[in-house]
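Read the structure below first, then the notes.
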Amino acid sequence: AQKITQTQPGMFVQEKEAVTLDCTYDTSDQSYGLFWYKQPSSGEMIFLIYQGSYDEQNATEGRYSLNFQKARKSANLVISASQLGDSAMYFCAMREPIWGSNYKLTFGKGTLLTVNP
Amino acid sequence: DSGVTQTPKHLITATGQRVTLRCSPRSGDLSVYWYQQSLDQGLQFLIQYYNGEERAKGNILERFSAQQFPDLHSELNLSSLELGDSALYFCASSLGGPSYEQYFGPGTRLTVT
C-alpha cells in the first residue's frame, strides 16, 4: 500500500522569503507520480506541480519547484518569494494505478502554510 | 477555473435523508473521480467512472452510490445520511489516458444536522 507523509502540520514564513514543505512517500512501484495541490480557505483544490518518477530534472512551475530525492523517497515543495496569497493548506499526493493508465490520488494530511507580512 | 463544475456548492440536510451531488467534467475528459474530504479521514478516493462505466472503488460506503451519464456528467448519491457524512465532496476529471493531472471541481460542502 502506498503512503504519503507530511510531517509539518503547520508552517510560518515571512513574506518574500522561501519555504520548503516536506513530503515523503512509500511505494514499491517503479513508475509513480507525485503531485502538490494547494487548498485555500475557499476550499478548491488547485494543482501546483507534478513530478514523475522517471523525470531526471526537478519539476518547476513559476515560483514552485519540487525537490525530488528518489533514493530518500522525498518530494519536497519549495515556494520562492512567498506572497500573502500563498497562505493555504498544501497537500502532497501520489498517483496510484487503478487500472490501465488510470489512477487515483492518495493524499497526505496536508501542511497549513501561513505567510506573515 | 479548472473547467470542472459541481453543484450545489453547499448542502445542509438532516440525518436519514438522501442527497445527490452533481459533477460536470472538463470538456473532453472521460474519467470522473469522486473524493471525500473530512476532518478525521482527510482526502479519500471514493469511486471512479470512465465513459459511463464504474472502474474503481475506494473507501466508499454502501449507502453511497454514483453513476456517470451518456453526456459524461456524474452524480454521487448519498443516502441514510449520518452526522459523520458531513464533509467536502470533490469531483475530479481527467482524460482517462496517460494523463498526469486530475482537475478538481470546487467541491460540494455537505453538512448533516
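All values below come from the heavy atoms of this structure, side chains included, with hydrogens, waters and symmetry mates left out. Below, read A as the first sequence line, B as the second, and so on, with proteins coming before strands; counting in each chain starts at 1.
Applying the 6.0 Å contact sphere to NZ of A/K16 captures no more than 12 heavy atoms from other residues, nucleotides or ligands. At most 12 non-hydrogen atoms from other residues, nucleotides or ligands lie less than 6.0 angstrom from CZ of A/F12. The number of heavy-atom neighbours closer than 6.0 Å to NZ of A/K73, taken from other residues, nucleotides and ligands shown, is above 12. No more than 12 heavy atoms of other residues, nucleotides or ligands sit less than 6.0 Å from atom CG of B/L39.
Using a 4.5 Å cut-off on side-chain heavy atoms (C-beta onward), B/F45 and A/F107 make no contact. Residues A/M45 and B/L43 form a side-chain contact, since some pair of their non-hydrogen atoms from C-beta on lies under 4.5 Å apart. Under the 4.5 Å side-chain criterion, counting only non-hydrogen atoms from C-beta, B/F104 is not in contact with A/Q39.
Note: B/K57 NZ to A/K104 NZ = 13.5 Å, rounded to the nearest 0.5 Å. Interatomic distance, A/Y50 OH to B/Q102 CD, rounded to the nearest 0.5 Å: 11.5 Å.
Annotation for A/F47 and B/E101: closest pair CE2-OE2, 3.3 Å, computed over non-hydrogen atoms.
Between the side chain of B/Y103 and the backbone N or O of A/I46 there is no donor-acceptor pair closer than 3.5 Å.
Cluster membership check: B/L11 does not share its hydrophobic cluster with B/L88, using side-chain heavy-atom separations under 4.5 Å among Ile, Leu, Val, Met, Phe, Trp and Tyr. Grouping the Ile, Leu, Val, Met, Phe, Trp and Tyr side chains by contacts below 4.5 angstrom, directly or via other members, places B/Y49 apart from A/L105.
At a 4.5 Å heavy-atom cutoff, the contact between B/Q37 and chain A is made by side-chain atoms alone.
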